[in-house]
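Encoded as structure tokens, the structure appears first; notes follow it.
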Amino acid sequence: LDGPRLKVEIFTGDKDNRSELANTIKKSKFDILLTTYEYIIKDTSFFQSFTWNILLIDEAHRIKNSQSLLHTTLKTVCSFSKITNLNFSF
């Protein structure tokens, strides 16, 4: 494959592993950080330490509910004025 390469970091694992990963990831330059919504909720302060350009989440039903824990957590993680549900078909 030719063209630009994207550096992908994966944030997952048990609490100790995630703490180690968080330190490593904070020092790295990445294009994409792949994780689950559970880890965003569990490790909110880690995700708050970045300025996000784009945040894609495949949990539209949880984001629609403005009272859900995921929705309220995301509002603290990113400074977007609006959380939008994008529907993709593959």
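For the single chain, residues carry numbers from 1 onward in sequence order.
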(request) Would you sort out whether Val8 and Asp31 count as a side chain to side chain contact (heavy atoms under 4.5 Å, CB included), showing the intermediate values? (result) CA-CA 6 Å; Val8 178; Asp31 299 298; over 6 Å; no
(message) For the aromatic rings, using the six-membered ring if either is Trp, is the centroid distance between Phe47 and Tyr39 under 6.0 Å?
(response)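 Aromatic pair excluded; centres sit 6.0 Å or further apart.
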Please report the interatomic distance [atom1]([X]) to [atom2]([Y]), rounded to the nearest 0.5 Å.
X	Y	atom1	atom2	value
Leu34	Ile10	CG	CD1	5.5 Å
Thr12	Glu38	OG1	CD	9.0 Å
Leu74	Tyr37	CG	OH	12.0 Å

(request) Could you list the residues that satisfy side chain to side chain contact (heavy atoms under 4.5 Å, CB included) with Glu9, not counting sequence neighbours? (result)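 Partners of Glu9 by the side chain to side chain contact (heavy atoms under 4.5 Å, CB included) criterion, ordered by chain and then number, come out as Lys7, Ile25, Ser28, Phe30, Leu33.
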(message) Under a plain distance cut-off of 3.5 Å, with no hydrogens placed, do Thr76 and Gln48 share a side-chain donor-acceptor pair?
(response)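 Side-chain D/A pair, Gln48 to Thr76: present.
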(request) Determine the minimum heavy-atom distance between Ile40 and Thr73, stating which atoms define it. (result)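 Closest approach of Ile40 to Thr73, heavy atoms only: O-CG2, 3.9 Å.
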(request) Among residues two or more places apart or on two chains, list those pairs meeting salt bridge (Lys or Arg N to Asp or Glu O under 4.0 Å) that have a residue in residues 16-30. (result)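 Passing the test, one end in residues 16-30: Arg18-Asp43.
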(request) Check the angle between the aromatic planes of Phe46 and Phe50 and answer parallel, tilted or perpendicular using the 30° and 60° thresholds. (result)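 Plane angle over 60°, so perpendicular.
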(request) Check step by step if side chain to side chain contact (heavy atoms under 4.5 Å, CB included) holds for Thr44 and Val77. (result) CA-CA 7 Å; Thr44 303; Val77 168; 3.9 Å; yes
